[in-house]
Amino acid sequence: MKIALVTCDALGDYDNGVENEDERLIRYLSHKGNEIVPQSWTDASVDWKSYDFLLVKSPWDYFDKPIAFSEWLHEMESQGIVMFNSATTIRWNANKMYMQEIADAGFPVVPFQMLPKNSHFEAKVFFELFNTKTLIFKPLVGGGAKNTFKISPENKGVTEENANELLKNEAYLVQPFVSEIVENGEVSLVYFGGKFSHAVQKMPKAGDFRVQHFFGGQILPIAPSGELRQLGERIIQDFAADTLYGRVDLVETATGFQLMELELIEPFLFLFTNPLADDNYYDALLRISREEKQQAL
């Protein structure tokens, strides 16, 4: 198969601290006899139709160029180019209001409130709404913890000013800070083709709340409990059953696990943490690519 691995012009700091998963997949898929070429989604010279399909792996700057990314997705659709995950899935997942659909379906989700572009943010309103002393403020379309910060009564003067400046450019989410994340970290369950592959626990470094490895977070392979597996699989089956890859990010609270995010665009897959992960990925890829071909006939 001739495959384009969709990436961005520069991975930057997002790959710091762990292996380059793009390179890992290129090596693995090439070893399986495939021709696989990394291509930036912003490269206008790429002949996307020359590939059997596109693997959307690391377009990690899509949230910096949301209009251009949306136009690129539309162009891929209009040309009938096969993508994994699909343009429809990616478009839905790019806007964090998808969390409302998951919450409406009865799944436990960390509470949130959307702030439209050009709206006014006042911290005390949300301290009272969520009955908390600490808030998280993050973009509605974003990733990598960019422009994400904590707001407390001690620093709200500075961050309110920052928040309202940021709101001039785009919409944001406000959530209560889940304090358990500092001690328990965040759990990521990784699925390929709708089936569970492996799981990790991501722990923030001392004094931080961001669990991402490029902020110094620690990644630990874990064997999730049956109850946790069941929760993740229900979310995947209801919202991502037909995807090549999906990552369910959860945090354990006093009332049980709550969903932080469902990652279906360009998540780090922690392939290096499980010896079966590469094979699980490839098995799912072969199956869904065959299904895609059969549907096209």
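Position 1 is the first residue of the sequence; numbering continues from there.
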Distance in Å, Arg229 CZ paired with Arg234 CZ, rounded so as to fall on 0.5 Å steps: 14.5 Å
Side chains of Asp9 and Thr42, donor plus acceptor under 3.5 Å: yes
Contact check, side chains of Val110 and Thr253, non-hydrogen atoms, under 4.5 Å: no
Tyr172 and its ring pair (Phe, Tyr, Trp, His ring centres under 6.0 Å) partner, picked from Phe121, Phe149, Phe126, Phe137: Phe137
Atom of Gly232, atom of Val248 and distance for their closest heavy-atom approach: O-CG2, 4.1 Å
Pair Tyr191-Asn280, side chain to side chain donor-acceptor pair (under 3.5 Å): steps then yes or no: CA-CA 9 Å; Tyr191 295 81; Asn280 292 341; over 6 Å; no
Student check: side-chain heavy atoms of Asn34 and Tyr28 closer than 4.5 Å: no
Atom NZ of Lys195: over 12 foreign heavy atoms under 6.0 Å: no
Arg287/Asp283 ion pair, N-O < 4.0 Å: no
Asn131 atom CG, over 12 foreign heavy atoms within 6.0 Å: no
Step-by-step ring-ring contact (aromatic ring centres under 6.0 Å, His included) determination, Phe53 to Tyr51: CA-CA 5 Å; Phe53 53 81; Tyr51 295 96; 9.5 Å; no
Trace of the side chain to side chain donor-acceptor pair (under 3.5 Å) decision for Thr134 with Thr132: CA-CA 6 Å; Thr134 311; Thr132 185; 5.1 Å; no
Atom pair CD1 (Ile151) and CD (Glu160), whose distance is rounded to the nearest 0.5 Å: 7.5 Å
Backbone N/O of Gln201 and side chain of Glu186: donor-acceptor pair under 3.5 Å: no
Heavy-atom closest contact (Val141 atom, Asn95 atom, distance): CG2-CA, 4.2 Å
Audit row: Tyr281, Phe192, ring-ring contact (aromatic ring centres under 6.0 Å, His included) steps and yes/no: CA-CA 6 Å; Tyr281 182 98; Phe192 298 134; 5.3 Å; yes
Ring centre gap for Trp48 and Trp72 strictly below 6.0 Å: yes
Sequence neighbours excluded, every pair satisfying side-chain hydrogen bond (donor to acceptor under 3.5 Å, both in side chains) that has a member inside residues 115-124: His120-Asn164
Backbone N/O of Ala240 and side chain of Thr243: donor-acceptor pair under 3.5 Å: yes
Nearest atoms (heavy-atom pairs only) where Phe239 meets Ile102: CZ-CA, 3.7 Å
Between Trp41 and Phe69, ring centroids under 6.0 Å: yes
Atom CD of Gln237: over 12 foreign heavy atoms under 6.0 Å: yes
Polar side-chain atom of Asn274 near backbone of His198 as donor-acceptor pair, under 3.5 Å: no
Reference residue Asp278; test side chain to side chain donor-acceptor pair (under 3.5 Å); the match among Arg24, Arg27, His31: Arg24
Residue pair Leu262 / Ile235, side-chain heavy-atom distance below 4.5 Å: yes
Separation of Glu165 CD from Thr159 OG1 (nearest 0.5 Å): 13.5 Å
Residue pair Lys150 / Leu135, side-chain heavy-atom distance below 4.5 Å: no
Glu77, CD atom: more than 12 neighbouring heavy atoms under 6.0 Å: yes
Common cluster, Leu228/Leu220, ILVMFWY with side-chain heavy-atom separation under 4.5 Å: no
Nearest heavy atoms of Lys96 and Pro139, plus distance in Å: CD-O, 3.7 Å
Non-hydrogen side-chain atoms of Leu167 and Leu115 separated by less than 4.5 Å: yes
Closest contact, heavy atoms only, Pro108 versus Leu231: CD-CD1, 4.1 Å
Tyr245 side, atom OH; Leu264 side, atom CG - distance, nearest 0.5 Å: 7.5 Å
Polar side-chain atom of Gln258 near backbone of Leu250 as donor-acceptor pair, under 3.5 Å: no
Under-4.0 Å salt bridge between Glu266 and Arg247: no
Working for side chain to side chain donor-acceptor pair (under 3.5 Å), residues Glu75 and Gln79: CA-CA 6 Å; Glu75 181 64 21; Gln79 294 187 44; 2.6 Å; yes
Beyond-backbone contact of Ile3 with Leu54, side-chain heavy atoms, under 4.5 angstrom: no
Distance in Å, Ile26 CD1 paired with Ile36 CD1, rounded so as to fall on 0.5 Å steps: 5.5 Å
Between CG on residue Leu5 and OG on residue Ser40, distance to nearest 0.5 Å: 11.0 Å
Residue pair Val200 / Ser188, side-chain heavy-atom distance below 4.5 Å: yes
Passing option when Lys57 is tested against Val6, Leu269, Thr7 for side chain to side chain contact (heavy atoms under 4.5 Å, CB included): Leu269
From CA spacing to verdict: side chain to side chain donor-acceptor pair (under 3.5 Å), Ser152, Lys133: CA-CA 6 Å; Ser152 64; Lys133 294 182 179 180; over 6 Å; no
Val125 side chain reached by Phe130 side chain, heavy atoms, under 4.5 Å: no
